[in-house]
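Please read the structure below before turning to the comments.
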Amino acid sequence: MPELPEVETIVRQLAEHLPGLRIGEVRITHADLIRESPESFRKALWQAEFVRVLRRGKNVVFELSGAQILLVNLGMTGQLLFGAAEECPEPPPHCALRFSLLPGGTLFYADARRFGRLLRLTPAEWTAESKRLGPEPLGSELTDARFFQGTSKSRSPIRSWLLDQTRIAGIGNIYANEALFRSQVHPARPASSLSEAETALLLASIRIVLEEAIHLQGTTLQDYRTAEGDKGNFGPRLLVYGREGLPCSVCETPVARTVFGNRSAFFCPKCQQEVPSSGL
DNA sequence: AGTGTATCCTGCAGGC
DNA sequence: TGCCTGCAGGATACAC
């Protein structure tokens, strides 16, 4: 579920609380979320201190003392929930890991579907992994020219292109559909068919949608919660995602849904032409 | 190389 | 009420 705005919200909150705290006991109730034995995971993290909390794409990156990285990908339904020291927090539903923090506090990882992953990496491993990912959509390295250079060489549908984390990191199905609507580009159009002007408008739309969603702490459909347990408030601002049959906010044509790449695409059939028509 | 499909897993909504 | 089907924010191992 969580895309860039949701992960950014979680990271900003955890960055306020975690640095300086150390990991004590780790209770693991769903070991399939880590790629090693619970014993080695616990032992490696014992007494490690949180130094920084960062985001890269849809990943939460915990920089720990002892040159360790804890990389968390939330999958569809993962949650990172922080409980302050003075609380005695109940484990959330589907709690998979519980980190007791020193001198006080608790960090839970919960995940109903268990598509998420928690990986311990060395800084070198993380650097290599990060290089696999595409540029950050909100970063200054991603220029209009670089974006167009990427899209112009791919015949895959632009919606699929946007979801490919090796091409651009952090966009998921919600914000891909929303940005395509705002730039009036049909989701199934080959990426290479977009003009330079269209890609510039699309990148601008991506940035506007992501920034606004961050401002509203993300979109909660079902499971997503901030690190403080709150729902995101961007849901009412969605213009096409999940709105099949409802009127387009621009022209009132019913929003359509099609499936490709195993994911639903939502779009306005009038505002987003599959074959862009000149004139009209 | 670059694309598209199937799969991991659980929960929920809607139809009958 | 209850069973069944389809669908869900993601990532990846494969087949073409």
Side-chain angles (χ1 to χ4, degrees), chain A residues 1-11 29-35 55-60 71-80 92-96 109-119 121 129-130 132-134 137 149-180 187-193 206 209-210 213-214 216-227 230-238 240-245 255-266:
Chain A
M1 58 136 133
E3 307 181 28
L4 187 154
E6 291 76 30
V7 177
E8 179 67 22
T9 300
I10 291 166
V11 163
T29 48
H30 285 289
D32 52 335
L33 293 167
I34 57 177
R35 294 267 174 88
R55 180 191 60 74
R56 174 80 172 96
K58 302 173 192 171
N59 299 286
V60 180
L71 182 66
V72 179
N73 186 291
L74 300 163
M76 291 274 230
T77 53
Q79 303 173 336
L80 279 166
H94 308 290
C95 185
Y109 180 81
D111 194 341
R113 292 174 73 181
R114 303 204 307 283
F115 286 174
R117 287 290 175 270
L118 294 89
L119 297 176
L121 302 174
E129 185 62 24
S130 182
R132 284 187 52 241
L133 299 174
Q149 189 184 8
T151 58
S152 62
K153 284 185 300 201
S154 170
R155 300 192 318 274
S156 84
I158 185 62
R159 199 280 310 264
S160 305
W161 193 96
L162 292 172
L163 295 185
D164 185 341
Q165 301 300 296
T166 68
R167 303 183 134 132
I168 186 168
I171 299 172
N173 203 28
I174 292 179
Y175 301 109
N177 280 284
E178 292 298 309
L180 287 165
R189 279 181 56 194
S192 56
S193 77
I206 288 168
V209 169
L210 294 179
I214 291 170
L216 292 172
Q217 303 200 122
T219 304
T220 293
L221 300 178
Q222 303 255 340
D223 304 274
Y224 162 69
R225 292 298 176 304
T226 72
D230 299 315
K231 296 183 179 182
N233 300 312
F234 192 75
R237 307 289 259 269
L238 296 175
V240 286
Y241 186 89
R243 296 179 55 80
E244 181 183 13
V255 170
R257 181 177 79 93
T258 61
V259 177
F260 59 90
N262 262 357
R263 321 287 295 271
S264 288
F266 297 91

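A note on names: the letters A, B, ... follow the listed sequences, proteins ahead of strands, and every chain is numbered from 1.
In this structure B:dC9 sits in no base pair that meets the Watson-Crick or G-U test at under 3.5 Å.
Atom CG of A:Leu133 sits about 7.0 Å away from atom CD of A:Gln165, to the nearest 0.5 Å. Put simply, CG on A:Leu180 and CG on A:Leu162 are 5.5 Å apart, with the number rounded to the nearest 0.5 Å.
For the pair A:Phe115 and C:dA11, the ring geometry does not qualify as stacking, because the centroid separation below 5.5 Å and plane angle under 30° are not jointly satisfied.
At least one side-chain heavy atom of A:Tyr241 sits less than 4.5 Å from a side-chain heavy atom of A:Asn173. Taking 4.5 Å as the limit, some side-chain heavy atom of A:Arg167 sits within range of a side-chain heavy atom of A:Ser156.
Across all strands, A:Asp111 comes closer than 4.0 Å to no nucleic acid atom at all (heavy-atom distances). A:Ser264 comes within contact range of the sugar-phosphate backbone alone, with a heavy-atom separation under 4.0 Å but no base atom that close. As judged by a 4.0 angstrom heavy-atom cut-off over every strand, A:Phe234 is placed among residues making no nucleic acid contact. In this structure, A:Arg155 reaches the sugar-phosphate backbone alone: every heavy-atom distance under 4.0 Å involves primed, P, OP1 or OP2 atoms, never a base. A:Asn262 comes within 4.0 angstrom of a base, heavy atoms only.
Atom pair A:Tyr224:OH and C:dA8:C1' shows a separation of 17 Å (rounding to whole Å applied). Between the CG atom of A:Leu74 and the C1' atom of B:dT10 there is a distance of 17 Å, given to the nearest Å. Rounded to whole Å, atom C1' of C:dG10 lies 13 Å from atom CG of A:Leu133. Between A:Arg263 atom CZ and C:dG6 atom C1' there is a gap of 16 Å when expressed in whole angstrom units. Computed from coordinates, the A:Ile158 CD1 to B:dG4 P distance equals 12 Å when rounded to whole Å. In this structure, CE of A:Met76 is placed 17 Å from P of C:dG6, rounded to the nearest angstrom. Rounded to an integer number of Å, the gap from CG of A:Leu163 to C1' of B:dT5 is 15 Å. In this structure, A:Leu118 atom CG and C:dA11 atom P are separated by 14 Å, rounded to whole Å.
A:His94 has a side-chain polar atom (N or O) that falls below the 4.0 Å cut-off from OP1 or OP2 of B:dG11. The phosphate of B:dT3 (OP1 or OP2) has a side-chain N or O of A:Ser154 nearer than 4.0 angstrom. Between B:dT3 and A:Arg167, a contact under 4.0 Å exists linking OP1 or OP2 to a side-chain N or O. Listed pair A:Lys58 / C:dA11 meets the phosphate criterion, a side-chain N or O lying under 4.0 Å from OP1 or OP2.
Across the P atoms, B:dC9 and C:dC14 are found 16 Å apart, a figure rounded to whole Å.
A:Arg159 forms a cation-pi arrangement with A:Phe260, by the criterion of a distance under 6.0 Å to the ring centre and an angle within 45° of the ring axis.
Both A:Phe266 and A:Asn73 lie near DNA chain C, and the one whose nearest nucleotide falls closer to the 5' end is A:Phe266.
The base of B:dC9 sits within donor-acceptor range of the side chain of A:Arg113, with an N or O pair under 3.5 Å. Checked by distance alone, A:Arg117 brings no side-chain donor or acceptor within 3.5 Å of a matching partner on the base of C:dA11.
Here the closest heavy-atom approach between residue A:Leu80 and residue A:Val60 is recorded as CD1-CG2, 4.0 Å.
The listed nucleotides are B:dG4, B:dC9, C:dA8; the one nearest the side chain of A:Ser160 is B:dG4. The side chain of A:Arg114 lies closest to B:dC9, out of B:dG4, C:dT12, B:dC9.
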